[in-house]
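Some notes on the structure that comes next.
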Amino acid sequence: MPSTFIPHHLVHAHLPSPPSVPNAIPELRIVSDQAIPLTDEDYAEPLHPDHAVSVIHDQSTNILARSIYNGHVLEMRSLNPVIGQARPRGLDGSEILRIFFPEQLRPLAQGSITISRKDKRLFITLVSQVNIVYRLNFPLGTFRPDTEDRFVFTTKGQDDWYEEWEVPEDVIVACNGTGAWTALDENTIILGGGDGGIVKIHRSGHWSPDSGHWTASHHRASSRLRLPSLFSRSANTDEQIISFADFNKSDHIPLLYTLSRDRKLRTWNASTGACLRTVDVRTASQEMAVRGSQEASSSSITEDGSVNMIRVIPHPSNSSRYSHLVIAFESTPYSISSAGSFVIYRATTSSHNVSDLALVGNRSCSSSSVGAELRGFEILPPVKSDGIDSGWRLWAIWDKKGSTFCENIIMDDVFQFTTYIGTNDAQILSDWQQATFSNGVENFDAAYFDNILSSDPPNPADPEDNGDIPAAFIQHLFHPGRFSLLTLTTALDDYIHQLSRKNQAQQVATSYASLSKRFGGVVGSQVEMEFSPQTGAPVVDVYRKNLKLDWLGVWANVRDLDKQARWPVGATLLNDDILVLAREGISAPIPDDAVGLVDRLGKSDADPNQFLQLSEGAIRKLYPTLAPPKARASAIAISMSGTYISNVLKGHDAAEGTGTALDDFLHVTAERLATNTHEPPEVIAGGIWDDHVEELLSEEDRASVRRILSESASTTRALNESLELLEQPSFPITSPKLGELKWSGSGNALLTATIDQNIEYRFSLSRNVLLISFFHLFESRDPSYEDDEGEELIEILARAMATFHRYKVLKWVADQTGEEARERNKLRRTNKRKVNGGDDVLAEGLGSLKMREGDEDFGLDSDAFDVGYSLLHSLLARQSPQPVTTGTLNRLLETAIGFVSEIDLISPGQTDVGAQMSDIQLAYRILVDGHAQLAGAFTDLYPLSSGISYVKGRAYLECGMIEEAVKYLEKAAAGCKDGSLEPILASTSGSNGLSEYYRHICRVFDEQGADQPVVYFGQLAIQSNRGDIASTKDLWTKVFLASIALGRYEDAYSILTSLPFMDLKRDFLGQLISVMCENNEVGRLNSLGFIGFQKDVEEMLRFKARNSDPLRFPNYYKVLYSWHIARGDYRSAGEIMYLQGRRFSEGSSSKIPAFELSAMQARSYLAAINALSLVEKRNAWVSVPGAPSKALRGIKRRKVSSYIPEEKFTKEKRPVDIISLADIEMEYTLVLSQLKLSSHIPNLHEHGITVSPEEVVGLFIQRGMFDIAQSAAASLQVDMTDLFQALAGRCVELSRLSAHNGDFSAATFLQSSPITARLRGSPSALSMKYLQSALNRHDSAKTNWKYRQVVADTLFEMNKDKKKGWQMPVWLSQWEMDRDPELWIGKALKFGWIEEALSWTIDLLRKATPPELLPPGKSDSTYIPYNLIDRVLAAAQEGDEKEEKNVQQKAKVVEEETQRRLQALKGIKG
C-alpha cells in the first residue's frame, strides 16, 4: 500500500521566444485555392499569434506540436529535458518548423504524430474545422525513435511532404456534424459525430501523397433512426463525442472508447467500427444536481475536444482477469463541494470477446476545484524504490480564474491492482494534495509599488533624476522566469502602439542594447515634467505620480498577458513525470524537499497538524530529519514563529527610506555581515535587533511567538536542528548518473525554476531561523553572560548569521538576469578582441570552467533557449552543467539539490561569514560566464579577503576600470603568503608563488591591453622571482612591449640595456626602433645613447630604408638622415638622402603624381648637397650600388685616379658608382629644371619620359626662359651655342617689333631677369644689354669666344638688308675689332655689310700705328690686311653699293687712308 508522503509545488519554464530575425524559423505553407487569402488579423485574434490554441507532446519522438496563430499554424519543436551527449545530427534541416494552413485546425489529438519504421518516415495527421484531413510526412534521416534524440525536419529535394483529403459531405451530414477526433495510427483517423457515432477514415496504399486511397465510413452508436442536420458541418449537440481513448493489446480486439456530452461512455471495435457497449457515466446524485439544466451544464466546461476526459490504464499484471481500467471525468459545474468526479471502470478483452464495463468506483474532486475548469488529467504509476512507495496517483490540472494549480490523489484503493489494506494514517496521505506556483506576482500591486517608491526623488538636489521608478519596475519585470520575453515584448509593443505618432516613430527607430534598456527608454518617454506657474520649480511629485501610473499600466498589461501565456492547454507524461503544457511554456510539479516542506508548513500552505500526525514511516525515507515527531514539531515551530515575526515586520513601514520593516531588516543585516568581520555576533545582532525589530514587536506579538515556540521541547535544540537542515543541502535518495545524457535547454529552464524555488525556500527558512535566533537570544538572557548555555546560544547565532548570509547570496544570484553577458558579447564581436585571456591558469584551479568566446553561439542553450533571462540558467548551460540521473523520485528535484550542494556555500557548523573557496569559485564562474558587473556586485556581498579581492579586481578589469582593478589585484597578492589563493590559483603555491601570481596578473592585463599594469606587475614578477631566470623571458618581453606601447621609450631603452638575455636584445632593439619611428619619435630616438648598439641601429635603419617605401610613413631614409646629422656624420647623411632621391627617380607603384615624386627627389638631392657641403671637399662623395642615373649618362664623368683592386670586379661583387658632390648638384639641377618646365609642359612627367640635359636647356630656350637656361646649361655642362643663337635672334626680333610698334610678349624674359628688370629703355636696347651681359658671363677664352661668334653670325645673317636700319651693336663690333678686325671685316663682307665694312676698315687704318712712329727699317712691324682692304673697295664698286653716296664717300676715304699710309711706309723703307 502507498506509504510515502510526497507534497509538491509547481515550477514553470517559458518556451523560447520567437526570434526577432525574420524567417529564422523555417516555414512551409499548404497551397490554397482560397479566393480571399488570410490576413494578419486572422492570425492575431483572439489570442496572441504565438500562444498555442492546443498542444500535444509525443514521447517517442520528443516532438511538441503546438497549434498557434489561432489554429492556422502548426509549430513543431523538440521538447525533452535531456538529450544525448553525442547524438547524430541531420545534415540539413531544422529542429523547429512552422506550417501554415489555409483554414483553422481542430484541436490537436494524441496519436496524430506517428513513426513508420517500415517507410522510415514521420507522419503527422491533422483535421481542419472544415473537415479536411492533412497528412504530413518527413524522412526520419538519422533520427532514432524512443531515445533522447532530436528530430530534424527537412523537405529539401522533395515536394511531396503533404497530402490533403476532404471528408465527403454526405458522411458529415449523416453523422450530424463532427467535433473531436483522434488518430489510431498514420492511416486511421476517427471523427466524433454529433449523433454519438464515429466516422472512421482509412487510408490505404503507398505512403507517397499521390498513391493513397481514402475512405470514410459512418458508424452509429444505436440503430434508431435520426434526422441529419442540414445546417452545420460541426456538431454541437448533447450526443456529440468530446473525448477518445484506445486500448490495443496484442492478440486482443482493439478497442476505442468515446465520451459524449451526455456522458455516455461507449466501447467500439477499432477494427470494424462497431459499437460494442454503452455506459452512462452519470451517477444518481449527479443527475439530481443537474436535473433540468443539462444544456447549461454541458457548456460549463471545455468540451470542444481540446481536453481529453478519458484515460485507459492497462492492468500491470498479466495474470489479472481484467485487462485494463477506464477513467472518465464527469463534471458537476453546479456543485458547491467539487467540480466533478473521476469514474473508474474495469474491462476485460480477449481475441474474440469484450466484457461490459464494470464500475469500480469514483473519486470526487477536492473542494478547491469548485469553480475551476479541468484542463487535463493523467495517471502516474507508483514510484517504488529504496523504501519509497508513492502509489498510483491521479493528477488533475485546473484553471481557476486565470490561475493554474494541480492536484493529485492516491488511487490504489480504487484501482485495486494489488490487495489494498487500509491504514489509520493521517488523512493528508490519502486526500487531494495541491501543488501551486509561489511566485508572489499577485502581491505586487499598486499599493506595493507605492510602498517601495517614494513620492520624492532619490536625490532632492536633482529633481530631474527619477530613475528609481524605472529601475524598480524593470527589476520586477525582468526577474528570472517571472515573465517570458514574448510577454514583455508584446506589452512594450502595445505601449508603443498607444503613443503619439511622433513618439511612436521615434521609439521604433531607436535601438537599444537589450530589452530591459528598451523598457527604460520607452516607458514614460511621453510623461513630461510640469513646472509651477508661481515659482517655476518642477512639480516633482506630480511627475513621479504620472510616471508611476505609466509603469503600472505596463505592469498590469504584462500580468494579463502572462496569465494568458501560462493558461494550461493540456498535460502529458514524460518519463513517468507529468508536465503541464501551457500556451507559451511548460509547468512541472516538483516534490518538496525537507526545507521547502518546513517553510510551506510554517506559512500554513499545508496543514501542519495533519503533517504532525503522519507516521514516521510515511516520511522517514524522503525526509529523514523530520521523521521523529519532536523534530517535526521543532522545525514547524521555528518556521511558524519566524514567519509570524516576518509578517509583523511586513506590516510596518521601514524607519528610513521605502519598503517594509522586513526589507529594512534584511538589507541592514546583509550589509553588516558583508562589511564587518571583527565584531562579535552578539554585538552585531544586538544592534540590528534594537534598531529594526525591538520596537515593532508588541507584547502580544512576543506572547504569540513564545506560544508557538513552546510547541518544541527546546528552542535552542530546535534552532540547532533547523540549522542542520539548512547546512546539509543533500537529497536522501541517490540515483545513478547517466553519462551519455545531458540536460537540454528546456531541461535547464525547468531546472533553473526548480533551483530558484529551492533557494527561495531555503532563504525564507534561514531568515526565520535568524529572526528566532535573535528573539531567543535577547528574550531568554543577557547575551554577555558567559556560561555553557550562553556560548551555545552565541554559536547558534553565529551559525544562523552565516547560514542567512549564504542563502541571501544564493537568492541574489537566483534573482539576476544574464543580459550583461549578451551585451558584452556584442561588444566583443565589434571589437574583435579576445577577452578573458589569461583565464587558462585559473581554469585549471577551478576545474572545467569554460571560457566564453565571442565567436561561439553565445547566449543560447540547446533547443534555442536564450539564457539571457537568468544568470542561473547561463551558469547551468556553460559553467556548471549538471549530470543527468535516472531520477528515482524526481530528476529535477534531485539535480536542483545537487546543484545547491555542489556550490557548497555553507558547511555544517560554519560560523565564519568570510568567503571560502566555494564562494570564490562561484564568483569566478559568474565572471568567466561573461557577467563582470554581477561578479563585482557578488563580491560586495562578502567581507574583503584575498580571494574576493582577486575576483573583484578581475571584474573591474573586465568592466574597463583599470585603476580599481590594479588596486584590488595588488591586495589579492597577500593570499600567496597565507595560501588562500592556492585553491583557485594552484601556481601561487610554493616558494615562487608570489612571482607566479604577479606573472598571472601581468598576463591578464596584457590580454586586456592595459599596458601600465603590465609594466607594474611584470616588474614585480621579475623582482620577486626566486626560480630560474630563464623563466622570466616572457615577463621581460611583456614589460618591454608594454613600455613601448605606453610611449615610455626611455624606460624601454633602460630595459633593453639591462636585459639578461642576449638573444632578445636585437629583437627588442628592432622593435624599439620600429615603434619610435612609426610614432614619429625620431628626435627621442636620436637622443638615446644606444651605447654599444649604434652599428646595429644603423644597419637596421638601412635595412628598413632599403626594404620600405619612402612614400609611406615612417620614411626610414629621413630617420637615418636625422640619425647621421645628430651624430655629425654628414657624409653618411648625404649618402642616405642621395639614395632616397634615387629611389624616387625609380618611380613607385603608389598613386602619387610623378610631379610630386620629382619634387621629393629634388628635395632629397638638395639635402644631400647641404650635408656634403659640410664635408671636406676631397671627402664629399658617396658610393652607391648600381649604374649612374639614366639622365646623366650622356655627360662625361670624371676619371677615378684611385687604385681599385681587381677582386672588386668579380661576379659576386655588385657594381659601385662613385658620386661626387658635383654629380649630385648636376642631378639636382636636372630634376629642378624638369620641375620648372612641368608648369609649361603638363605631361612632361607622364609615361616615365626621361629628358636629357640638352633637351632641358632646349626646352627652356623654346619658352624664352633664358636665365634658367643659362643656369641649367652651366650646371649641366651643356654647350650654349644654341642658347646664344636663340638669344641673338630674340634681340633682332625685338628690334624689328620696336620699329613697327608690335607685340612685345617676346620681351617678357627681360622683365623677370635681374639684369634688365630695373633698367629703362626700349626692348631692343634692353635685349642687347641682356645679350652683352650673358656673353660676358659665359663666353671666354675657355670657350674660344665661340658664343660671340655665334651671336655675330646670327646678327649678320638675320640683317642682310641694311635698309632695315639695323646697326651692329657697338660693344660687339668694338670687341671684335679689338680681337680680330680682319675676321670681323671679313664677316661683314660675307654677309653684305659693305658700308659697315668700309667704316670698320677706316677705323682699322686709323688705329694702326702711324708710319712715322714705326722704328726705322721696321715697316712691316704693323700688320695691315691690304688684301682685305682691296676686297672691301672692290665690293663697294659692285651691286647697289656703287650707287650709294655714303658708300662711295667711305670707299674714297679708305683709298686715301691706304694711299697715305703706303706713301709714308715707302719713306721709311727708303
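We use all heavy atoms of the structure for the numbers below, so side chains are in, but hydrogens, waters and symmetry mates are not.
- Looking at Arg150, its side chain does come within 3.5 Å of a backbone N or O of Asn80 through a donor-acceptor pair.
- Heavy-atom minimum distance, Gln879 versus Asp929: NE2-OD1, 3.4 Å.
- Counting only heavy atoms from C-beta outward, the side chains of Gln882 and Glu902 approach each other to under 4.5 Å.
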For residues 581-588, run the donor-acceptor check on the side chains, cut-off 3.5 Å, and write out each pair with its distance to 0.1 Å, sequence neighbours left out.
from   : atom 1 : to     : atom 2 : distance (Å)
Glu584 : OE1    : Ser484 : OG     : 3.0
Glu584 : OE2    : Ser484 : OG     : 2.8
Ser587 : OG     : His12  : ND1    : 2.6

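- Qualifying salt bridge (charged side-chain N to carboxylate O under 4.0 Å, His left out) partners for Glu75, counting only residues two or more places apart in sequence or in other chains: Arg66, Arg77, Arg98.
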Step-by-step side-chain contact (heavy atoms from CB on, under 4.5 Å) determination, Met76 to Ile99: CA-CA 9 Å; Met76 293 178 289; Ile99 303 175; 3.8 Å; yes
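- Distance check, rounded to the nearest 0.5 Å: CD1 of Ile759 to OH of Tyr807 gives 9.0 Å.
- Shown here are the ring-ring contact (aromatic ring centres under 6.0 Å, His included) partners of His476, two or more places apart in sequence or in another chain: Phe444, Tyr448, Phe449.
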For Leu905 and Leu922: C-alpha separation, side-chain torsions, deciding distance, then whether side-chain contact (heavy atoms from CB on, under 4.5 Å) applies. CA-CA 9 Å; Leu905 291 192; Leu922 178 58; 3.9 Å; yes
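- With a 4.5 Å cut-off on side-chain heavy atoms, Phe865 and Asn748 do not count as touching.
- Residue Arg566 holds its CZ atom at 8.5 Å from OG1 of Thr404, rounded to the nearest 0.5 Å.
- In this structure, CG in Leu485 is found 7.5 Å from CZ in Phe478, a value given to the nearest 0.5 Å.
- Side-chain polar atoms of Ser862 and Ser744 form no donor-acceptor pair below 3.5 angstrom.
- Here the side chain of Glu820 pairs a donor or acceptor atom with the backbone of Gln933 at under 3.5 angstrom.
- When all heavy atoms of Arg375 and Val569 are compared, the pair lying nearest together is NH2-O, 3.3 Å.
- Using a cutoff of 4.0 Å between basic side-chain nitrogens and carboxylate oxygens, Arg891 and Asp577 are not scored as salt-bridged.
- Residues Val580 and Pro568 approach most closely at CG1-CB, 3.9 Å, considering heavy atoms.
- Glu95 places no side-chain N or O within 3.5 Å of a backbone atom of Val152 that could act as its donor or acceptor partner.
- Partners of Glu740 under the salt bridge (charged side-chain N to carboxylate O under 4.0 Å, His left out) rule, at least two apart in sequence or in another chain, do not exist in this structure.
- The nearest pair of heavy atoms linking Arg600 to Pro7 is NH1-CB, 4.3 Å.
- Under the 4.5 Å side-chain criterion, counting only non-hydrogen atoms from C-beta, Phe938 is not in contact with Leu927.
- Ring centroids of Tyr69 and Phe100 are separated by less than 6.0 Å, placing the two rings close together.
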Evaluate the side-chain contact (heavy atoms from CB on, under 4.5 Å) criterion for residues Leu875 and Ile926: first the C-alpha distance (whole Å), next the side-chain angles of each, then the deciding distance (0.1 Å), finally the verdict. CA-CA 7 Å; Leu875 293 175; Ile926 297 172; 4.2 Å; yes
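- With 3.5 Å as the limit, one finds a donor-acceptor pair spanning the side chains of Glu819 and Ser516.
- Between the side chain of Ser918 and the main chain of Asp904, a donor-acceptor pair closer than 3.5 Å is present.
- Contact of the Phe731 side chain with the Leu889 side chain is registered, since non-hydrogen atoms from C-beta on lie closer than 4.5 Å.
- With contacts defined as side-chain heavy-atom distances shorter than 4.5 Å, the pair Leu477/Trp551 qualifies.
- When atom types are taken as modelled, the side chain of Asp58 and the backbone of Ile63 share no donor-acceptor pair closer than 3.5 angstrom.
- Put simply, the side chain of Ser67 never gets that close to the backbone of Pro107: no donor and acceptor are under 3.5 Å apart.
- Counting heavy atoms from C-beta outward, His8 and Cys406 have side chains that stay 4.5 Å or more apart.
- Of all heavy-atom pairs between Leu122 and Thr114, the closest is CD1-O, 3.4 Å.
- Outside the 6.0 Å centre-distance limit, the rings of Tyr869 and His14 are not counted as a close aromatic pair.
- Counting only heavy atoms from C-beta outward, the side chains of Trp743 and Val884 approach each other to under 4.5 Å.
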Evaluate the side-chain contact (heavy atoms from CB on, under 4.5 Å) criterion for residues Asn62 and Asp149: first the C-alpha distance (whole Å), next the side-chain angles of each, then the deciding distance (0.1 Å), finally the verdict. CA-CA 8 Å; Asn62 298 319; Asp149 198 2; 5.7 Å; no
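- A heavy-atom distance below 4.5 Å is found between the side chains of Ile397 and Ile578.
- Not a single donor-acceptor pair under 3.5 Å links the side chain of Gln816 to the backbone N or O of Leu934.
- For an aromatic pair to be called close, the ring centres must be under 6.0 Å apart, and Trp555 with Phe483 satisfies this.
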Run the side chain to side chain donor-acceptor pair (under 3.5 Å) check on Thr490 and His48 step by step: do they pass? CA-CA 9 Å; Thr490 303; His48 188 283; 3.0 Å; yes
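- Side-chain atoms of Asp50 never come within 3.5 Å of backbone atoms of Ile68 as a donor-acceptor pair (strictly under, hydrogens ignored).
- Rounded to the nearest 0.5 angstrom, Leu738 CG and Thr886 OG1 are separated by 6.0 Å.
- The distance from the CG atom of Asp863 to the CG atom of Leu64 is 10.5 Å, given to the nearest 0.5 Å.
- Side-chain atoms of Thr489 do not come within 3.5 Å of backbone N or O of Leu486 as any donor-acceptor pair.
- Checking Phe153, Phe143, Phe123 one by one against Phe138, the ring pair (Phe, Tyr, Trp, His ring centres under 6.0 Å) holds for a single residue, Phe153.
- Put simply, CD1 on Ile897 and OG1 on Thr754 are 10.0 Å apart, with the number rounded to the nearest 0.5 Å.
- The side-chain hydrogen bond (donor to acceptor under 3.5 Å, both in side chains) test applied to His57 returns no partner, not counting sequence neighbours.
- In terms of heavy-atom proximity, Ser54 sits nearest to Leu108 at OG-N, 3.0 Å.
- Under the rule for a salt bridge (charged side-chain N to carboxylate O under 4.0 Å, His left out), the partners of Asp593 that lie at least two apart in sequence or sit in another chain are Arg762.
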